[in-house]
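Reading through the structure tokens given below for one structure.
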Number of protein chains: 2
Amino acid sequence: MNTDLQSTGLPIAAVERDTGLAKDTLRVWERRYGFPQPTRDLNGERSYPLEQVDKLRLIRRLIDQGLRPSKIIGLDVKALAGMLDEIGKPRDGGDPERSAQFAAILKFVRLHLHEDLRRTLQQLLMKLGLQRFVSEVVAPLNHVVGDAWLRGELEVPEEHLYTEQIQNILRAAISAHTTLRSGRPAVLLTTFPDEQHALGLLMVEATITPEGACCVSLGTQTPLEDIRTAASGGRFDIVAVSFSSAYPARQAIDGLRSLRSGLPEEISLWAGGAALHGAARKLPGITVFESIDALPGALDAWRRTYCATQA
Amino acid sequence: MNTDLQSTGLPIAAVERDTGLAKDTLRVWERRYGFPQPTRDLNGERSYPLEQVDKLRLIRRLIDQGLRPSKIIGLDVKALAGMLDEIGKPRDGGDPERSAQFAAILKFVRLHLHEDLRRTLQQLLMKLGLQRFVSEVVAPLNHVVGDAWLRGELEVPEEHLYTEQIQNILRAAISAHTTLRSGRPAVLLTTFPDEQHALGLLMVEATITPEGACCVSLGTQTPLEDIRTAASGGRFDIVAVSFSSAYPARQAIDGLRSLRSGLPEEISLWAGGAALHGAARKLPGITVFESIDALPGALDAWRRTYCATQA
DNA sequence: GTCAACATTTTGTCCAGGACAAAATATGAA
DNA sequence: TTCATATTTTGTCCTGGACAAAATGTTGAC
């Protein structure tokens with residue numbers, strides 16, 4: 001930990017934490033591509049200037065979007081930011097009133113106006129109801145915030161503030177729907193070991209709890225084997241797993257296949273999240289969600305298949 | 001990711017994730033102490049047998065408790081488990097009825113009886129009220145669960161289940177106390193970059209929100225510099241930081257001192273958590289909490305100092 | 001045209017073993 | 001006791017080589 005809050009450069013371990021790039025990767029990039037090019041401190045250890053760390057962050061985001069290091073590592077910060085803009089664009093295009101609201105919310109996040117943020121979200125929740133709030137506000141807002149973060153327009157605490165507030169509102173709303181003790185289906189929610197994002201799980205829970213499903217969330221990062229035993233032992237009907245956009249698609253697919261084969265046939269496996277777009281056909285026996293809106297329909301379908309009576 | 005759910009040995013990266021011991025550390029222990037002694041796979045890469053990983057986990061826990069690698073790395077699993085038992089003992093010793101309740105809760109956690117777990121906690125919350133629930137149930141339960149986890153009596157998903165349920169209950173209860181728009185003091189809650197545990201923050205929030213404080217949580221892992229700017233820019237009166245027992249004491253102390261010096265004098269800095277026990281005198285200008293029970297008193301003291309009128 | 005099989009390049013992670021500063025402990029003085 | 005100083009322990013960093021897995025490019029069959 002730096003003794004000064006102001007420091008001229010970060011040690012390699014801090015850069016690893018900040019950018020998510022492994023120490024080995026940072027060193028091998030330096031060797032291969034000549035970037036980053038940290039200065040050395042008195043002990044001959046790498047010290048990364050803040051601008052280089054910023055650029056590394058941008059590069060990291062672009063790689064998560066499918067670009068390759070060698071293609072982009074030589075570009076300057078402006079060009080990288082431009083590419084992220086391009087990628088962020090194809091979204092949006094909804095109701096202009098809603099868009100304006102999103103812009104306002106983003107402003108609240110940026111200016112740390114937590115009161116206004118909370119109030120605005122709460123009002124939207126009241127107006128729309130939980131399910132529409134999730135699909136029409138939270139989901140697109142995640143994209144807006146994600147894009148802003150991608151472009152470096154948000155700092156860490158802003159992103160945290162946003163996530164916390166959304167979580168608070170969703171959790172509160174979910175717990176207001178006092179679930180049926182033994183609602184069906186019983187759904188086990190969690191993520192794979194390298195996935196830290198819990199928001200997707202909450203969105204799922206918020207969408208299907210009002211439909212009478214009985215959700216139990218294990219939070220993030222549950223080992224595969226443990227998901228299997230928890231699902232089998234807990235009389236669950238469905239295991240639902242979510243993946244954020246940064247999660248490696250291959251790892252998700254392999255993991256899901258492996259989990260599917262280890263799970264009793266009568267337990268359904270549901271999966272969704274940005275990492276799985278277009279991967280449905282590679283995952284036989286698994287219900288892949290391209291959008292959160294598909295959840296209620298899938299729930300109905302499940303009930304028609306497995307239950308004589310509707311809930 | 002392993003293709004098989006069953007595998008004979010884990011690669012070094014998986015062991016790093018599982019045990020929290022850096023790859024470099026694993027390799028240097030092997031060189032110095034002869035343990036762990038992984039087999040090699042076809043590519044000559046380390047493959048750690050599960051028993052060795054289990055032992056590493058125990059060693060990790062003991063090191064977190066202040067023991068040193070060279071003293072314990074040669075012991076067998078049984079001896080290590082025994083030492084953890086010793087350390088876990090000095091707790092307990094409360095109301096026998098309450099102890100029985102804790103044992104029951106622990107059983108629910110172990111057996112994944114989420115319904116019973118939720119119901120029992122909810123009942124205790126109703127009976128005791130939020131503040132007493134936190135100090136008389138959540139705090140000691142954390143110890144009980146933490147000790148069980150330390151001894152390897154709980155698996156990952158059980159620990160997750162417990163944490164999730166407590167979080168759900170606390171968040172719901174907190175949001176029921178619709179905070180005064182501009183309650184005083186305004187408190188910014190967060191943790192340092194290497195601290196992932198959010199439960200401490202929620203406990204603080206649950207304890208002081210009913211007292212009329214206005215809490216904003218940034219969640220875990222906010223960079224020091226960002227805490228500073230967020231606090232200064234957001235008109236906060238108090239910054240509160242929590243540390244779990246695994247957090248390195250030195251790092252906490254250095255970080256707090258640094259944060260204190262970077263923060264305007266009129267903003268108070270509060271800190272608490274297992275990592276800080278007995279560290280109060282090393283932290284002048286910082287309010288260090290040995291127990292969650294001290295929070296309401298400190299809040300009163302703050303109000304007497306900084307406000308003419310009580311809230 | 002799509003798809004599968006194969007060849008090539010790119011890329012991340014692993015390895016060894018040396019070095020060294022920071023943390024923990026032991027030792028001695030006030 | 002409490003402080004300052006020496007010694008040991010311990011985690012992290014270093015270099016530069018190696019190589020498998022992933023991504024991409026190519027070919028040929030359908």
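In what follows, chains carry the letters A, B, and so on, assigned in the order in which the sequence lines appear, proteins first and then strands, with residues in each chain numbered from 1. Everything numeric in this text was worked out from a predicted model, so none of it was measured.
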Between B:Thr190 and B:Gly219, which heavy-atom pair has the shortest distance, and what is it?
-> OG1-O, 2.7 Å
More 5' along DNA chain D: A:Arg46 or B:Ile63, using each one's nearest nucleotide?
-> B:Ile63
Would you say B:Lys23's side chain and B:Val15's backbone share a donor-acceptor pair under 3.5 angstrom?
-> no
Per nearest nucleotide of DNA chain D, the residue lying toward the 5' end, B:Glu45 or B:Trp29, is B:Trp29
Can I get a per-line list of side-chain donor-acceptor pairs under 3.5 Å for residues 267-275 of chain B, giving both atom names and the distance, sequence neighbours left out?
none

B:Ser244 and B:His197 have their tightest heavy-atom pair at OG-CD2, 3.4 Å
Remember a base hit wins even if backbone is also touched, and classify A:Asn43 as base, sugar-phosphate or nothing at under 4.0 Å, heavy atoms.
-> sugar-phosphate
Let me know, please, whether B:Lys71 or B:Arg31 comes out on the 5' side of the other along DNA chain C by nearest nucleotide.
-> B:Arg31
Pair B:Glu30 + B:Arg40: basic N to acidic O under 4.0 Å = yes
Closest heavy-atom contact between B:Glu16 and B:Leu26?
-> N-CD1, 4.2 Å
Pair B:Arg57 + B:Asp54: basic N to acidic O under 4.0 Å | yes
Write down the distance between CZ (B:Arg17) and P (C:dT13), rounded to a whole number of angstrom.
-> 12 Å
Do you know which two heavy atoms are closest between B:Tyr247 and B:Ala252, and how far apart they sit?
-> CE2-N, 3.5 Å
Could you list where the contact with chain A starts and ends along DNA chain D, reading 5' to 3', using a 4.0 Å heavy-atom cut-off?
-> D:dC13 to D:dT24
Report the end-to-end axis angle of the helix from C:dG1-D:dC30 to C:dA30-D:dT1; each axis comes from five terminal pairs, and the value is rounded to 10°.
-> 40°
Are A:Ser70 and C:dT9 close enough that a side-chain N or O sits under 4.0 Å from OP1 or OP2?
-> no
Under 4.0 Å between a side-chain N/O of B:Arg27 and OP1 or OP2 of C:dC15, yes or no?
-> yes
Below 4.0 angstrom from OP1 or OP2 of C:dC14, is there any side-chain N or O of B:Lys23?
-> yes
Looking at every strand, decide which applies to A:Arg32 at a 4.0 Å heavy-atom threshold: base, sugar-phosphate, or nothing.
-> base
Rounded to the nearest 0.5 Å, what separation is found between the OH atom of A:Tyr48 and the CD1 atom of A:Ile12?
-> 3.5 Å
